[in-house]
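When reading the values below, keep in mind they use all heavy atoms of this one structure, side chains included, and skip hydrogens, waters and symmetry mates.
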Amino acid sequence: MNAYYAFIKAVETGSFTKAAEELGYTQSAISQMVHSLEEELSTILILRSRTGVTLTPDGEEFLPFIKKICNSHRELKEKIKEMEGLETGLIRIGSFSSVSCHWLPGLIKEFKKQYPAVEFEIHQGDYTDIANWIKEGSVDFGFVNPNAVSNLTMIPLQKDEMFAVVPENHPLAEKDVVSLEELMNEHYILLDEGEISEPLTIFKQNSVEPNIQYRVHDDYAIMSMIEQGLGVSILPKLILSRCPYQVVTKPISPSFARTISLAYKDKRVLPIASRSFIDFIIERYTFEK
């Protein structure tokens, strides 16, 4: 590659001497590198004279191709630097429990096959917590409900349908579809997700007020409470996909879903490892409109 750089620098400066000074070689070394390149290409690239160097017709033809090779080589070296940066990277993520349990383990496993030395730090909270962590820089990026977040860049990843969750022996367990009005008459266990709640929004839009008896921050705690007959709830499909509790899930009328989005403040200033993991995640999820 040195011969390619020597040739381009000689053309740019119009002198072997100046090219040698800028590249840190002797004038004879630059001359020898250009000569070896000419031998490789079986032609004369440069004409030498007392006033400097000029390109031959073949030199004019080869110049853009040699520039492309040098540019690609520079890009390759930059990529190598990035990959070296991933060797010791730390990725800090804000997440809520359903994503932490059902998405992140698989994503991390696949990512670490390529970059085994990268470390992960996962902060779990509600939508409001995660948005604040991103804004203050406690995490590099996070998973959020876009309706609960502002002033961040958000990439929609997937729709997550909401279902009614009731005890196995509950009368609503026999129904094909459960209405909001039917849920209104039961003791309701609310998943506390911060400043916004998708179920509460839907209840309000349909002029229905649930009988909230419990406010709980953890999805699995809610399912355990429902299993014990303490009430009913509305939970997302993602957390119910591998439910370890004896409960029944039913579609809701009217049906609705939350959107799971990836959010960050300024991707340009994030660590290399985090930028790479963001791209890795986006490649694997398509927003279902």
Between [atom1] of [X] and [atom2] of [Y], what distance do you get to the nearest 0.5 Å?
{"X": "M162", "Y": "T249", "atom1": "CE", "atom2": "OG1", "result": "12.5 Å"}
{"X": "F141", "Y": "S95", "atom1": "CZ", "atom2": "OG", "result": "9.5 Å"}
{"X": "L76", "Y": "N71", "atom1": "CG", "atom2": "CG", "result": "12.5 Å"}
{"X": "N147", "Y": "T259", "atom1": "CG", "atom2": "OG1", "result": "6.5 Å"}
{"X": "I155", "Y": "S261", "atom1": "CD1", "atom2": "OG", "result": "8.0 Å"}
{"X": "F111", "Y": "I281", "atom1": "CZ", "atom2": "CD1", "result": "8.5 Å"}

Partner set under salt bridge (Lys or Arg N to Asp or Glu O under 4.0 Å) for [X], not counting sequence neighbours:
{"X": "E227", "value": "none"}
{"X": "D160", "value": "R258"}
{"X": "K112", "value": "none"}

Would you find a donor on one side and an acceptor on the other, under 3.5 Å apart, between the side chain of [X] and the backbone of [Y]?
{"X": "S36", "Y": "M33", "value": "yes"}
{"X": "R92", "Y": "G137", "value": "yes"}
{"X": "S100", "Y": "F96", "value": "yes"}
{"X": "Y25", "Y": "A6", "value": "no"}
{"X": "S233", "Y": "V165", "value": "no"}

If you define the side chain from C-beta out and look only at heavy atoms, does anything of [X] sit under 4.5 Å from [Y]?
{"X": "V247", "Y": "V166", "result": "no"}
{"X": "T54", "Y": "I46", "result": "no"}
{"X": "L107", "Y": "R284", "result": "yes"}
{"X": "I282", "Y": "I278", "result": "yes"}
{"X": "F65", "Y": "L41", "result": "no"}
{"X": "F280", "Y": "I108", "result": "no"}
{"X": "I226", "Y": "V248", "result": "no"}

Inset, instruction - I would like to know whether F163 and K250 meet side chain to side chain contact (heavy atoms under 4.5 Å, CB included); could you show each step before the answer? - result: CA-CA 6 Å; F163 285 85; K250 294 291 179 178; 5.9 Å; no

Where [X] and [Y] come nearest, the two heavy atoms and their spacing:
{"X": "S15", "Y": "V53", "answer": "N-CG2, 3.9 Å"}
{"X": "I93", "Y": "F143", "answer": "CG2-CE1, 3.9 Å"}
{"X": "L190", "Y": "S197", "answer": "CD1-OG, 3.7 Å"}
{"X": "W103", "Y": "Q158", "answer": "CZ2-OE1, 3.5 Å"}
{"X": "Y4", "Y": "C70", "answer": "CB-SG, 3.6 Å"}
{"X": "I130", "Y": "G142", "answer": "CG2-CA, 4.0 Å"}

Inset, instruction - Go through F256 and T201 one step at a time and tell me if the side chain to side chain contact (heavy atoms under 4.5 Å, CB included) criterion holds. - result: CA-CA 10 Å; F256 66 102; T201 299; over 6 Å; no

Looking at residues at least two apart in the chain, or sitting in another chain, which of them share a side chain to side chain donor-acceptor pair (under 3.5 Å) with [X]?
{"X": "T13", "answer": "none"}
{"X": "D192", "answer": "none"}
{"X": "K109", "answer": "none"}

Please list all pairs meeting salt bridge (charged side-chain N to carboxylate O under 4.0 Å, His left out) that have one or both residues in [range], counting only residues at least two apart or in different chains.
{"range": "residues 20-36", "answer": "K9-E22"}
{"range": "residues 161-178", "answer": "K175-E182"}
{"range": "residues 31-40", "answer": "E38-R48"}

Is it the case that one hydrophobic cluster holds both [X] and [Y], taking links as side-chain heavy atoms less than 4.5 Å apart, direct or via other members?
{"X": "I91", "Y": "L157", "result": "yes"}
{"X": "L200", "Y": "I252", "result": "yes"}
{"X": "L191", "Y": "I260", "result": "no"}
{"X": "Y188", "Y": "V177", "result": "no"}
{"X": "V11", "Y": "I44", "result": "no"}

Can you find a side-chain donor-acceptor pair between [X] and [Y] that sits under 3.5 Å?
{"X": "S179", "Y": "S253", "value": "no"}
{"X": "Y5", "Y": "H73", "value": "yes"}
{"X": "D129", "Y": "Q124", "value": "no"}
{"X": "S49", "Y": "T51", "value": "yes"}

Inset, instruction - Could you tell me whether K18 atom NZ has more than 12 heavy atoms of other residues or ligands within 6.0 Å of it? - result: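 Atom NZ in K18 is not crowded, with 12 or fewer foreign heavy atoms closer than 6.0 Å.
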
Inset, instruction - Please state whether the rings of F277 and F120 are parallel, tilted or perpendicular, taking 30° and 60° as the class boundaries. - result: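 It falls in the perpendicular class, over 60°.
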
Inset, instruction - Have a look at I189 and tell me which of V232, I222, L235 forms a side chain to side chain contact (heavy atoms under 4.5 Å, CB included) with it. - result: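 Of the listed residues V232, I222, L235, the side chain to side chain contact (heavy atoms under 4.5 Å, CB included) partner of I189 is I222.
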
Legend entry - Verdict with reasoning, M225 to Y220, per side chain to side chain contact (heavy atoms under 4.5 Å, CB included): CA-CA 9 Å; M225 294 170 71; Y220 289 101; over 6 Å; no

Legend entry - Any residue meeting side chain to side chain contact (heavy atoms under 4.5 Å, CB included) with A263, in chain and number order, not counting sequence neighbours: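 Result, side chain to side chain contact (heavy atoms under 4.5 Å, CB included) vs A263: I134, V144, L152, M154.
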
Legend entry - Residues in side chain to side chain contact (heavy atoms under 4.5 Å, CB included) contact with S241, at least two apart in sequence or another chain: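 Counting only residues at least two positions away or on another chain, S241 forms a side chain to side chain contact (heavy atoms under 4.5 Å, CB included) with H102.
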
Legend entry - D140/K267 ion pair, N-O < 4.0 Å: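 K267 and D140: not salt-bridged.
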
Ignoring hydrogens and angles, write down the donor-acceptor pairs under 3.5 Å from the side chains of residues 203-213, residues two or more places apart or on other chains.
from: N206; atom 1: ND2; to: I202; atom 2: O; distance (Å): 2.9
from: N211; atom 1: OD1; to: Q213; atom 2: NE2; distance (Å): 2.9

Inset, instruction - Start with the C-alpha gap between L37 and I66, add the side-chain angles, then the distance that decides, and say whether side chain to side chain contact (heavy atoms under 4.5 Å, CB included) holds. - result: CA-CA 10 Å; L37 179 58; I66 294 173; 4.0 Å; yes

